There are 2 protein chains.
Amino acid sequence: MGNENRVFGKYLISKGLKLTKPRKIILDTVFATHKHFNVDELYDLIRKKHKDVSRATIYRTIPLLVDSGLIKQSLRCLAKDHYEHTYGHDRHLHLICEKCGKIIEVESRETENILNELAKKHNFNIREFNVGAKGICKKCRNK
Amino acid sequence: MGNENRVFGKYLISKGLKLTKPRKIILDTVFATHKHFNVDELYDLIRKKHKDVSRATIYRTIPLLVDSGLIKQSLRCLAKDHYEHTYGHDRHLHLICEKCGKIIEVESRETENILNELAKKHNFNIREFNVGAKGICKKCRNK
DNA sequence: ATAGTCTTTGAGACTCATTCTCAATTATTA
DNA sequence: TAATAATTGAGAATGAGTCTCAAAGACTAT
Ligand SMILES: [Mn+2]
Ligand SMILES: [Mn+2]
Ligand SMILES: [Zn+2]
Ligand SMILES: [Zn+2]
């Protein structure tokens, strides 16, 4: 899969920006896995291969990835923003265990349909859903 | 309405804590309105009447109010946590306008039912729902 | 009342994720 | 190659939230 590259490239051009080496490295690393990530985790991953990408550039590139529709800020955990892919992934909701931090991802079509209807009633245009719940997972309950 | 007092009082006793003057002022101010609030807004409200409640005590009291079930952290906006009443308020979801910051509150029973079912399938115990969407409100779209 | 024992408080120092600044570097165009 | 604009890394700055600590308050037992 290499379509993220094209999407991001087009986005950058449309904004008069350039697909530089650091931005490419960040993009590739972000899409090398399919897990949720925060800036520190991403920084550590990148640093394994490339000693020349700074935190500042990561912080600057993430909003570009978000704005281009490739990722979204999906959670806040331990005072850190966490991100996940939107490009190439079905939308889903999160069940977050408050004991162990486990995240269960679940299809969300039904809730989205309902939200869409509610939004229509209020003349509201939804751009992004945010659905989930916090609680206790099976493993943590049984002990 | 003064039942928040009783609820909070019972909670504090059950934890071996005391309903002190600053805690009482914070409680009363929190329940003097029904809007979402952040710490700075709450601090300013309190300071109009009482010059002797510190930010530290507000930050220390909010987790107690949350834990006692009176309020919850419901939004994060402009890098600040925002809270709202849970006690005496029906659960609802938020449609947040990304242009003007307007928050539309909507009944949420249907989405909760669906979430409950999904949670059951995954053996997950929901403690708190978090449902909403971001987008553009009617007023902001028409201009 | 008084002393002893906790809890709580305000003030301000501190932490740490995120943002900003700026001089040096890079990409692109002329 | 020179000019121009975008981008970068390093580290300083910001600011919400947390922590420390000595002083103040609440409560209990004398
Ligand atoms: Mn996810
Ligand atoms: Mn609300
Ligand atoms: Zn768990
Ligand atoms: Zn609006």
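Predicted, not measured: the structure shown is a model, and the values here were computed from it. By convention in this document, chain letters (A, B, ...) are assigned in the order of the sequence lines, proteins followed by strands, and residues within each chain are numbered from 1.
Open room surrounds NZ on B:K134; 12 or fewer heavy atoms of other groups in view lie less than 6.0 Å from it. The environment of NZ in B:K102 is sparse: at most 12 heavy-atom neighbours from other residues, nucleotides or ligands sit within 6.0 Å. In B:R141, the CZ atom is crowded: over 12 heavy atoms of neighbouring residues, nucleotides or ligands sit closer than 6.0 Å.
Side-chain contact, A:N5 with A:K24: a donor N or O sits under 3.5 Å from an acceptor N or O. Side-chain atoms of A:Y43 and A:R47 include a donor-acceptor pair closer than 3.5 Å. A:E105 and A:H89 share no donor-acceptor pair across their side chains, judged by distance under 3.5 Å alone.
A salt bridge does not link B:D44 to B:K48: none of the charged nitrogens lies less than 4.0 Å from a carboxylate oxygen.
For A:R76, the side chain to side chain contact (heavy atoms under 4.5 Å, CB included) partners at least two apart in sequence or on another chain are A:Q73, A:A79, A:D81, B:R76. By the side chain to side chain contact (heavy atoms under 4.5 Å, CB included) test, A:S108 is found to be paired with A:R91, A:L93, A:T111, A:E112, residues two or more places apart in sequence or in another chain being considered.
Whole-Å rounding puts the B:L17 CG to C:dT7 P distance at 9 Å. Separating the CG atom of A:D81 from the P atom of D:dA16 is a distance of 15 Å, rounded to the nearest angstrom. Between the CZ atom of B:R23 and the P atom of C:dT7 there is a distance of 11 Å, given to the nearest Å.
Taken residue by residue, residues 36-65 of chain B places heavy atoms nearer than 4.0 Å to DNA chain D at B:A56, B:Y59, B:R60. Of the residues in residues 8-15 of chain A, not one places a heavy atom less than 4.0 Å from an atom of DNA chain C.
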Please tabulate, one pair per line, all N/O donor-acceptor pairs under 3.5 Å involving side-chain atoms of residues 9-22 of chain B, not counting sequence neighbours.
from  : atom 1 : to    : atom 2 : distance (Å)
B:Y11 : OH     : B:D67 : OD2    : 2.6
B:S14 : OG     : B:Y11 : O      : 2.6

Review point. In the 5'-to-3' direction, what one-character label does each nucleotide of nucleotides 23-30 of chain C receive under the scheme B = base within less than 4.0 Å of a protein heavy atom, S = sugar-phosphate only, - = no such atom?
Key: -----S--
